[in-house]
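Since the structure is predicted, the reported quantities are computational estimates derived from the model, not experimental observations. Numbers restart at 1 for each chain; the letters A, B, ... are given by sequence-line order, proteins then strands.
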Amino acid sequence: MRRGLTLCVCVLAVAMLLSTGWAKEPTIRIGINAPLTGDIPKVGEGTKFAAQLWLEDIKAAGGITVGKKKHPVELIIEDNESKAESAVKVTTKMITEDDILIMVGPQASKQAVPAAGIANNYKTPMITPWSTNPDSTKDKPYVFRACFLDPFQGPVVANFISKEFKFKKAAVLYDVASDYPKGLAEFFRKAWEDINGKGSVVAYESFTTKDTDFSSQLTKIINSGAQVLFTPQYYNEVALIVQQAHQLGWKKPIVGSDSWGSAETIKLCGKDCYGQFFSTHYAAAGATGETKKFIDRYKAKYGYVPDDVAALTWDAMLLAQQAIQSTGALSGDLKKDRDNVRNALSQVKKFQGITGEMTFAGKNDPSKCAVIVKISDAGEFTYYKSVCP
Amino acid sequence: MLLSVENLQVSYGNIKALHGISFGIGEGEIVCIIGANGAGKSTTLRAISRLVPAQPGTRMTFMGKDLLKYEPDKVVSDLGISHVPEGRRLFGNLTVMENLRLATFARKDPKGIAEDLERVFAIFPRLKERENQKAGTMSGGEQQMLAVGRAFMSGRKIMLLDEPSMGLAPLLMKSVFDSMKEINRTEGTTILVVEQNARMALQFSGRGYVLENGRLVLEGRSDSLLADPLVKKAYLGG
Amino acid sequence: MAIFLQNLVNSLQWGSFYALIALGYSMVYSILMLFNFAHGDIFMVGAYIGVGVSFGLLALTSSGILAIPNWLILVMTILISMFLTSFVGMIVERVGYRPLRNAPRASAAITGLMIGIILETGNLILLGARRISFPSLIETATYDIGGVFLTNKKIMIVAVSLLLTLALHQFIRRTKWGMAMRAMSFDFVAVPLMGVPVNKVIALTFGIGSALAAAAGILFGIAYPVLDPYMGVLFGWKAFVAAILGGRGSILGATLAGFLLGFTEIFVAMIFPSTLRDLIAYSIILLILTFRPHGFFGEPYSAQLRL
Amino acid sequence: MPDTMPKTGKLRAAFSRVPLLGWLLGILAAVVIEKYLGTDLALGVGLPKIPALFGIDIMLKKPLLVPNAFLYTLLIYALPVGVVGVATAPLANRAAAALIRLPITVPVIVHLALFYVSMHLWAEVSDYRALVLRLTLIAVMLTLSLNVINGYMGEFSCSHPGFMALGAYCASVVTVGLFVDKGMFGIDLLPEGMGPFLFPVALLAGGVLAAVGALVVAVPSFRTRGDYLAIISLAFLFIVKSVIENLEFVRGPRGMSGQPDWAGLPTVFLWTVLCVWTINNYVRSTLGKAMNAIRDNELAADAMTVDTRRTKMVGFLFAAFWAGVAGGLFAHVLRYVNPGTFGIQQLAEVLAMVYFGGLNSVYGSIVGAVSISMLGEALRPLEIFKWIIIPLLLILVMIYRPTGLVAFKDLDAESLLRPKQGPDGGA
């Protein structure tokens with residue numbers, strides 16, 4: 001017993017010595033809440049990489065300068081396993097345990113909505129780069145997003161197709177079990193029927209997450225007489241849908257949404273996707289300025305063109321940085337600082353992100369333009385036109 | 001001694017089924033072990049076939065080889081110990097022919113197999129008639145014939161028979177025992193039979209053991225056991 | 001009519017995946033009465049091995065070491081991957097199931113589930129989060145036959161899977177190993193008494209099942225060229241449904257049930273609003289089992305064969 | 001033993017004299033110390049703040065701090081629990097002896113109250129702890145209720161996430177529909193003040209709906225069993241998910257959010273106690289024994305005049321009911337539900353908890369749920385490797401203890417709460 005006590009004291013003394021250098025400067029901790037495992041690990045990877053790229057810049061600059069002081073920055077990257085329950089735990093942990101100033105993520109609405117509730121309860125600012133579900137920010141003053149919403153994107157695409165092709169009959173194919181495609185499909189249908197009259201969406205077909213065979217739905221669509229197919233799906237499903245449609249004899253255009261905007265789309269889909277259109281946040285091919293710089297850096301470091309998640313995460317990081325800087329000074333009182341950051345975020349105007357200009361002006365959702373991209377015959381995403389609210 | 005068993009102990013969980021029994025069987029003998037239900041008869045056979053693990057302290061040798069070093073299937077294929085289990089355990093979804101063929105799984109002498117098949121059919125002509133019938137659809141007596149035939153095919157140094165009389169009419173029972181005696185005579189196959197039907201078993205065998213609650217309590221020549229008053233009282237119904 | 005035929009063609013292709021995976025499931029299930037919950041993930045591993053092998057062969061041909069046409073590469077890919085994946089199955093059996101031979105069956109099922117998670121995560125760690133597309137070894141050719149669209153790949157997939165099913169059926173019927181497997185599904189305990197090396201037969205069963213899963217994985221990669229580490233999960237569970245639905249110990253049953261599952265999913269989506277597909281498709285299965293509680297070909301077995 | 005290791009032997013003897021009451025007092029002392037001295041001590045040993053979960057995640061994140069975190073855990077938890085436990089042992093034994101003479105509910109309530117107070121104090125240090133604790137308690141309910149079907153009844157049911165989803169949605173519809181402004185009906189129909197009183201009603205409604213859903217699985221189980229039941233239940237899970245995805249009034253795949261924050265630690269704790277208590281009584285009742293008989297041999301059970309239909313029916317409904325209640329609580333802890341949550345992944349998790357902890361065992365379910373939940377949290381810093389470590393651990397447990405860690409053990413309150421007699425006879 002006595003020897004044990006002596007040992008304890010010794011360990012204690014050593015520990016004291018080791019720990020003398022603990023945190024003198026108030027470090028800015030930013031939480032990254034990403035799905036590193038689970039259903040969509042690629043999204044998590046893009047988030048993590050973009051955030052780490054941003055951190056490199058900050059480290060090179062020696063930290064974030066707020067007022068006149070330089071604060072070191074630490075990223076707290078946690079895995080939400082693509083589960084709502086886990087997202088809530090991770091958010092709570094980051095806020096109460098890791099003392100983050102602001103959180104970026106989660107990405108998918110399934111995790112973003114519950115996490116947003118937590119962040120709002122703890123009065124901690126949160127930016128979800130990718131969640132387009134209106135619920136994420138609704139009635140949650142502390143929660144912001146870096147992307148446009150489904151109610152905006154749906155009409156954009158409907159208008160574009162009507163005007164561009166003069167089509168009257170459209171078909172929709174979407175994942176009924178995933179909130180993003182389902183929401184967008186609904187908004188598209190509504191907008192389309194507003195333009196072309198009731199019943200002008202001649203086929204409204206769905207499948208379930210992780211399905212890979214869409215032949216039955218596509219057969220229905222092909223036989224419905226639709227002139228165009230709108231499918232707001234993720235890149236992996238896009239490849240399958242487009243290829244299967246062609247194999248079943250579909251020769252008409254297929255239009256997509258921002259979820260198409262991944263470097264993987266073309267890799268997986270190949271020639272079948274050439275010539276198709278989709279709406280998105282940014283066009284990687286032919287990008288200029290900051291956007292191009294980001295794409296090139298990301299590509300050099302990780303070996304592939306960043307998708308929209310990475311680009312939006314990058315913007316969210318910069319938004320966070322700008323908001324922190326525009327608070328003027330950090331008091332060290334986390335509660336106060338978080339409030340200040342939130343207020344600064346809501347006042348952001350004309351933020352020049354790589355995914356376009358963003359203005360919050362007191363709201364939690366940015367007003368932001370969408371871009372229509374055409375996939376060229378070289379498989380690049382080329383800028384076609386911009387649609388602003 | 002062809003098979004020698006020393007201090008065989010087997011436990012199922014905390015329950016000790018065999019408390020260290022010892023016996024031996026010479027080449028070409030017919031030996032029986034009689035005993036009541038639950039005395040440990042089947043366990044003895046299963047231990048020899050290595051289907052149940054023996055406790056430390058057990059020694060079993062067969063033709064001078066340490067039995068404990070063999071896996072259950074090697075006991076059959078390498079040593080030639082065949083075991084007709086209680087209730088026969090035929091593969092009901094296989095045909096008669098397939099049942100017999102399966103028993104030769106590890107044998108690599110197609111000629112020998114063909115000859116043995118002929119011999120089985122010679123001993124049990126009924127099986128030949130039912131060659132392509134599913135084993136599960138045959139009568140009890142035919143099934144017992146098939147079980148013996150199967151054992152004959154898999155290895156014939158020694159045959160372990162577990163309750164061959166179970167569920168058979170007396171006449172059938174007799175014919176099954178007769179054909180086994182035939183095998184013993186013509187092939188020199190050693191036979192160890194365990195039976196509840198003590199009279200049948202003792203008439204059939206040359207030597208016998210009496211097993212009670214996991215212990216061997218009596219042994220001797222079968223005719224003397226048949227005459228033993230204790231055996232008479234306990235196992236022969238008077 | 002054209003729509004019906006088109007859907008029939010579609011469901012044949014879709015069903016052949018369920019059938020092939022269900023076969024492996026069913027084989028293990030009939031011998032060991034074990035739910036091999038890792039099987040879906042072995043299918044995934046098989047597909048990835050297929051990608052690796054085909055890239056390897058492509059690299060060899062493009063560097064001039066091998067001079068073979070693409071279709072031969074495909075055939076070789078399928079064969080080599082089946083061979084390699086069978087070892088994955090055997091290792092899974094050796095590590096995860098053999099130590100649990102005498103344990104409650106459900107415990108082994110849980111082990112399988114965990115091995116599946118390890119395979120998925122291992123893939124994620126090794127290859128990263130990106131999805132991999134299967135190299136297109138043969139060009140897709142689309143044929144229009146009276147409004148019904150067929151592709152050469154579809155025909156090949158259905159043909160290969162039927163061929164493999166048939167081959168397996170013959171193997172089970174005609175060879176002594178197949179005989180031993182059938183015997184084991186009837187009476188596991190009595191089999192070693194025939195001098196049959198039980199462990200080898202079980203390993204072979206896992207090997208064959210995994211090889212079939214690998215074939216399914218490669219065919220899947222050809223039809224749906226987007227692979228990800230979790231692709232086997234849902235497939236595994238659905239093939240599990242098909243395998244059990246087919247009835248214990250019935251190769252034919254598992255195949256038919258696999259195709260039936262494919263048909264149900266596709267035709268339900270054809271007739272009803274596709275949003276209700278899972279709802280209706282699985283209600284049908286539930287009804288089938290309520291009124292035919294032992295599957296299609298299975299026999300009612302004693303209550304002692306339990307989990 | 002005493003000759004070779006006199007010290008540890010004595011220590012063990014001392015520990016063996018401590019009754020449960022004494023341990024609880026020790027734990028109480030530990031958490032009180034942590035509450036008041038924890039921060040200072042943490043800073044003292046060189047940790048930035050009180051480690052949330054016994055310092056495991058600090059150890060994994062910053063290996064240099066392993067001794068510090070270890071020291072903290074030793075000083076704050078192990079030492080006070082041990083010292084207070086041993087020191088108060090005579091007193092606690094006397095108290096326990098006095099309590100045990102009263103009707104059994106009294107000592108049970110005393111112990112639970114003590115336990116809850118310690119838990120509450122422990123959770124007060126950090127909201128993260130409280131959240132983990134609440135979800136762990138819910139996991140206990142889920143695991144225990146699944147154990148009724150898979151362990152006691154010996155079926156292999158895959159429908160548990162489905163029952164949970166039914167409960168979660170039903171309870172959410174009641175609370176969001178009736179009490180939340182701008183909720184489902186546009187207005188709040190009932191004043192919010194009534195909410196906490198009607199919350200149990202919402203949970204019960206969730207449980208009842210889950211039980212009704214269980215009929216779909218229970219009725220076919222009369223005719224079929226084992227493996228076919230496994231796929232019936234799996235089909236049921238797919239069906240429930242599909243139904244919810246298609247129901248617009250619960251917002252389909254978007255999920256429902258905005259559940260009122262009524263599932264605090266005390267509420268969850270009370271429901272968990274209720275769940276453990278009823279299930280423990282149930283499995284020890286005649287009906288519970290009948291389930292075991294069915295598991296061991298259905299035909300024989302039937303022959304022995306066990307009403308197999310009634311037994312199965314009650315078992316399924318009972319288990320589903322508690323899964324539904326757990327689902328309702330789950331929805332109100334997260335304050336968001338989504339049909340995607342109740343899928344195969346959730347199923348794998350609950351199954352893992354049941355089989356890890358131990359079949360046929362109330363203790364086992366508690367052990368399984370707590371250890372897997374806590375492990376899942378504590379190993380978070382390992383990121384993706386967590387999903388290698390946890391499955392490996394489970395496989396090892398399955399190999400070395402095929403029925404789980406603590407199988408076949410019911411909770412016996414009386415023997416648990418009894419005062420401990422020391423080995424040398426002193427009370």
Side-chain angles (χ1 to χ4, degrees), chain C residues 29 33 35 37 95-96 99-100 102-111 113-118 120-122 124-125 233-234 236-238 240-245 248 273 275-286 289-295 298 300-307, chain D residues 150-151 154-156 158 216-217 219-220 222-232 234-239 241-243 245-246 252 294-302 344-345 347-348 351-352 354-356 359 384-388 390-395 398-404:
Chain C
Y29 174 66
M33 290 296 287
F35 299 157
F37 282 141
V95 177
L100 283 157
N102 297 318
R105 289 196 300 140
S107 307
I110 299 301
T111 313
L113 209 56
M114 294 303 125
I115 290 176
I117 295 177
I118 292 178
E120 290 153 20
T121 318
L124 206 58
I125 291 170
V233 180
L234 205 58
W237 285 94
K238 287 187 176 173
F240 162 60
V241 172
I244 313 271
L245 202 58
R248 178 160 174 255
T275 47
L276 300 176
R277 190 197 65 191
D278 277 10
L279 175 61
I280 296 171
Y282 289 94
S283 300
I284 291 174
I285 285 168
L286 218 150
L289 279 173
T290 310
F291 293 105
R292 190 158 169 77
H294 302 291
Y301 49 82
S302 103
Q304 276 169 349
L305 292 171
R306 58 154 207 275
L307 269 162
Chain D
N150 284 31
E155 302 282 6
F156 194 87
C158 301
V216 178
V217 183
V219 171
F222 297 157
R223 312 222 296 146
T224 180
R225 58 171 292 127
D227 309 356
Y228 294 102
L229 195 76
I231 61 172
I232 287 179
L234 190 63
F236 175 77
L237 172 61
F238 286 140
I239 291 170
K241 226 180 128 218
S242 184
V243 166
E245 274 159 10
N246 280 292
I294 289 182
R295 179 197 59 200
D296 293 338
N297 189 338
E298 181 163 355
L299 295 180
D302 215 10
I344 297 285
Q345 211 180 1
L347 172 64
L351 283 175
V354 171
Y355 289 90
F356 181 83
L359 286 174
I384 189 166
F385 290 95
K386 178 174 123 181
W387 289 115
I388 299 274
I390 293 180
L392 267 182
L393 200 72
L394 244 149
I395 291 175
M398 288 290 105
I399 287 176
Y400 292 106
R401 293 192 73 114
T403 45

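With rounding to the nearest 0.5 angstrom, the CD atom of C/Glu120 is 10.5 Å from the CD1 atom of D/Ile384. The NZ atom of D/Lys386 sits 11.5 Å away from the CD1 atom of C/Ile117 when rounded to the nearest 0.5 Å. Here D/Leu237 contributes atom CG and C/Trp237 contributes atom CH2; the two are 8.5 Å apart, rounded to the nearest 0.5 Å. Atom-to-atom distance recorded for C/Leu113:CG and D/Leu347:CG is 7.5 Å, nearest 0.5 angstrom. Once rounded to the nearest 0.5 Å, the distance linking CG of D/Leu392 with CD1 of C/Ile118 reads 4.0 Å.
If you tally non-hydrogen atom pairs under 4.5 Å between each of C/Leu124, C/Leu276, C/Thr121 and chain D, the highest count goes to C/Thr121. Listed options C/Ser107, C/Ser283, C/Pro273 were ranked by heavy-atom pairs under 4.5 angstrom with chain D; first place goes to C/Ser107. The candidate from D/Phe385, D/Trp387, D/Phe356 with the greatest count of non-hydrogen atom pairs under 4.5 Å with chain C is D/Trp387.
The contact between D/Val216 and chain C is made by backbone and side chain atoms together, counting heavy-atom distances below 4.5 Å. Interface remark: C/Val95 contributes backbone atoms only to the contact with chain D (heavy atom separation under 4.5 Å). Interface remark: D/Ile388 contributes backbone and side-chain atoms alike to the contact with chain C (heavy atom separation under 4.5 Å). Both the backbone and the side chain of C/Leu279 come within less than 4.5 Å of a heavy atom of chain D. Interface residue C/Ile125: backbone and side-chain heavy atoms are both found under 4.5 Å from chain D.
Exactly one residue among C/Ile110, C/Leu100, C/Thr111 makes a side-chain contact (heavy atoms from CB on, under 4.5 Å) with D/Ile395. That residue is C/Thr111.
Ring-plane geometry between D/Phe156 and C/Phe35 is classed as perpendicular, the angle between the planes exceeding 60 degrees on a 0 to 90 degree scale with a lower cut at 30.
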Verify side chain to side chain contact (heavy atoms under 4.5 Å, CB included) between C/Leu234 and D/Phe238, making sure each step is shown before the conclusion. CA-CA 11 Å; C/Leu234 205 58; D/Phe238 286 140; 4.1 Å; yes

